[in-house]
Amino acid sequence: MIALSSSLCPTPSPPRQLLEHWKTRRRETALALALDRRLPPAVQRELVELSLPGGVLVRELAVPGETAPRRPAPRATSADRGERRAATELWRELVAFAASRGVVRLVASPEPLDLSTDSIEALRRRFACAEPLELEALEDERAARAQPALDGWRGLLDGVLKQATDLGVTLAFLTPTVWPHQCPNGEELGRLAEEFAGARLGTVHATDWAHARSALLGEPATSAPTPAPLFASTASGLWLPLPASAPAASPAPSQRAASPTAPHDSARLADACGLRLRLPLGTGELPLPAALEHLPETGDRVLTFDTACTAAEVERSLGLLA
């Protein structure tokens with residue numbers, strides 16, 4: 001099944017306006033709806049209630065980044081016990097609502113570890129200058145903070161997974177991670193999968209994240225996605241290849257634009273755990289037809305666009321999927 005994410009809808013907007021914008025972008029094609037993490041729980045609930053009577057099937061809810069405008073959602077990796085409990089309660093409410101409305105999947109993004117802001121800013125500056133990124137210092141710092149964060153994820157999953165499994169809702173993490181401060185990464189997801197074997201725990205391979213990671217690290221361009229963790233993907237996120245005239249392959253680091261924020265040099269935004277980057281033209285487009293050959297044969301295809309996309313661009317990507 002092909003789902004079209006609400007990521008193409010401008011926010012904040014009333015749920016009815018979000019739904020109408022989504023419908024105009026899909027034209028007459030029958031597509032399922034995937035709700036993105038920008039939408040607070042109340043907006044998600046109302047949007048689902050508006051969608052189902054009109055025959056729009058909702059396949060996926062994202063764990064929201066905010067519970068209300070400018071109010072960040074509680075984090076499973078927080079050092080505060082009360083915040084961790086609130087995160088577990090939020091997930092339980094989302095699972096219960098999803099199950100009551102036939103939504104099969106709750107998708108979570110990795111959470112940011114509290115690493116050195118200076119180091120992260122240095123990475124952004126180096127990327128903006130098209131220089132190879134140095135991750136060693138951040139990875140060393142990450143090693144000291146990852147275990148408590150992973151324990152936080154274990155506590156949340158202990159409190160939610162049985163409910164989700166009993167209700168038939170899969171909890172899935174976006175993967176692969178792009179930055180060192182994202183937790184859980186692929187290795188950590190594999191460990192969680194072993195510890196919670198038999199539960200409805202899975203992944204969504206975000207093809208755009210894999211491509212962004214290759215561009216950020218200056219790795220050779222490849223059409224094959226990063227190997228998934230030790231458990232099967234339940235869906236794949238696809239990234240719009242923007243202008244038809246844009247090159248599909250990533251250029252060598254030395255050929256990259258010196259200023260990826262310049263409008264004439266940029267493709268679309270890659271939101272890597274809150275660090276909003278513009279990838280230079282040629283690194284920001286995914287060679288979608290080649291990438292499709294490496295995606296799982298089963299599961300959903302979730303088309304993820306930004307708010308600048310047009311109905312014609314949606315149709316173009318649907319044509320590639322046909």
Checklist outcome for this item: Exactly one of R105, R37, R301 clears salt bridge (Lys or Arg N to Asp or Glu O under 4.0 Å) with E60, and that residue is R105
Checklist entry - At what distance, to the nearest 0.5 angstrom, does CZ of F305 lie from OG1 of T310? => result 9.0 Å
Item to check | Of all pairs that satisfy side-chain hydrogen bond (donor to acceptor under 3.5 Å, both in side chains), the ones with a partner from residues 135-145, not counting sequence neighbours | outcome: R142-E188
Checklist entry - In Å and rounded to the nearest 0.5 Å, what is the OG to CG distance from S7 to L303? => result 9.5 Å
Checklist entry - Under 4.5 Å between side-chain heavy atoms, hopping through other hydrophobics if needed: is there a path connecting L50 to L31? => result yes
Checklist outcome for this item: In this structure, OG1 of T11 is separated from NE2 of H21 (nearest 0.5 Å) by 10.5 Å
Item to check | Between CZ on residue R16 and CD on residue E20, distance to nearest 0.5 Å | outcome: 7.5 Å
Checklist entry - Same cluster for V63 and F97 if Ile/Leu/Val/Met/Phe/Trp/Tyr side chains link at under 4.5 Å? => result yes
Next on the checklist: What verdict does the side chain to side chain contact (heavy atoms under 4.5 Å, CB included) test give for L189 and T175, after you've listed the backbone C-alpha separation in whole Å, the side-chain angles of each residue and the deciding distance to 0.1 Å?
Outcome noted: CA-CA 9 Å; L189 283 172; T175 186; 3.9 Å; yes
Next on the checklist: Determine whether a donor-acceptor pair (N or O, by modelled atom type, separation under 3.5 Å) exists between the side chain of D80 and the backbone of G82.
Outcome noted: yes
Checklist entry - Judged by atom type as modelled, is there a donor-acceptor pair below 3.5 Å linking the side chain of Q182 to the main-chain atoms of W179? => result yes
Checklist entry - Can any side-chain N or O of E111 pair as donor or acceptor with the backbone N or O of A76 at less than 3.5 Å? => result yes
Next on the checklist: Does V103 form a side chain to side chain contact (heavy atoms under 4.5 Å, CB included) with V169? I'd like the steps, not just the answer.
Outcome noted: CA-CA 7 Å; V103 182; V169 176; over 6 Å; no
Checklist entry - Distance-only, no hydrogens or angles: does the R84 side chain make a donor-acceptor pair with backbone N or O of A79 under 3.5 Å? => result yes
Checklist entry - Taking the side chain from E83 and the backbone from S78, do they hold a donor-acceptor pair closer than 3.5 Å? => result no
Checklist entry - Any link between V43 and L52 through a network of hydrophobic side chains (Ile, Leu, Val, Met, Phe, Trp, Tyr) touching at under 4.5 Å? => result yes
Checklist entry - Shortest non-hydrogen contact from L19 to S51? => result CD1-OG, 3.6 Å
Next on the checklist: Show, in sequence, the C-alpha distance, side-chain angles and deciding distance for H181 and L138, and conclude whether the side chain to side chain contact (heavy atoms under 4.5 Å, CB included) test is met.
Outcome noted: CA-CA 8 Å; H181 64 291; L138 275 183; 5.6 Å; no
Item to check | Flag, side chain of T203 to backbone of F173, donor-acceptor distance under 3.5 Å | outcome: no
Checklist entry - Is it true that a side-chain atom of S6 and a backbone atom of D36 form a donor plus acceptor pair closer than 3.5 Å? => result yes
Item to check | Results of side-chain contact (heavy atoms from CB on, under 4.5 Å) for R70 - residues two or more places apart only | outcome: none
Next on the checklist: Checking K23 against V56 for the side chain to side chain contact (heavy atoms under 4.5 Å, CB included) test, could you report, in this order, the C-alpha distance in whole Å, the side-chain angles of both residues, the deciding distance, and whether it holds?
Outcome noted: CA-CA 9 Å; K23 287 180 177 179; V56 176; 4.3 Å; yes
Checklist entry - Is L33 reachable from L57 through a run of I, L, V, M, F, W or Y residues, each pair having side-chain heavy atoms under 4.5 Å apart? => result no
Item to check | Value rounded to 0.5 Å, distance of CZ in F196 from CG in L161 | outcome: 6.0 Å
Next on the checklist: Could you report the tightest heavy-atom contact between L106 and A62, atom names first, then the distance?
Outcome noted: CD1-C, 4.3 Å
Next on the checklist: Please find the pair of heavy atoms, one from A73 and one from P64, that lie closest to each other, and give the distance.
Outcome noted: CB-O, 3.3 Å
Next on the checklist: Which Ile, Leu, Val, Met, Phe, Trp or Tyr residues join V104 in one cluster when any pair of side-chain heavy atoms under 4.5 Å counts as a link?
Outcome noted: none
Next on the checklist: By the side-chain hydrogen bond (donor to acceptor under 3.5 Å, both in side chains) test, which pairs, at least two apart or in different chains, include something from residues 150-164?
Outcome noted: Q147-D151, D151-R154, R154-E195, K162-D166
Next on the checklist: For a quick test of reading the model, state the closest non-hydrogen atom pair linking L35 to Q44 and the distance between them.
Outcome noted: CD1-O, 3.8 Å
Checklist entry - Just how far is it from atom CG of L39 to atom CD of E46, taken to the nearest 0.5 Å? => result 11.5 Å
Next on the checklist: Is there a side-chain contact between V95 and L171 in this structure, where contact means two heavy atoms from C-beta onward sitting under 4.5 Å apart?
Outcome noted: yes
Item to check | Exercise: identify the closest heavy-atom pair between P184 and L150 | outcome: CB-CD1, 4.3 Å
Checklist outcome for this item: Nearest heavy-atom contact between R38 and P40 is O-CD, 3.4 Å
Next on the checklist: Once side-chain hydrogen bond (donor to acceptor under 3.5 Å, both in side chains) is applied, what residue pairs with a partner in residues 87-101 remain, sequence neighbours excluded?
Outcome noted: E49-R101
Donor-acceptor pairs under 3.5 Å, side chain of residues 112-119 to any protein atom, not counting sequence neighbours: which ones?
unit_1, atom_1, unit_2, atom_2, d
S116, OG, D118, N, 3.4
S116, OG, S119, N, 3.3
S116, OG, S119, OG, 3.3

Next on the checklist: Whether the side chain of R200 engages the backbone of L167 through a donor-acceptor N/O pair (distance < 3.5 Å, no angle test) should be reported.
Outcome noted: no
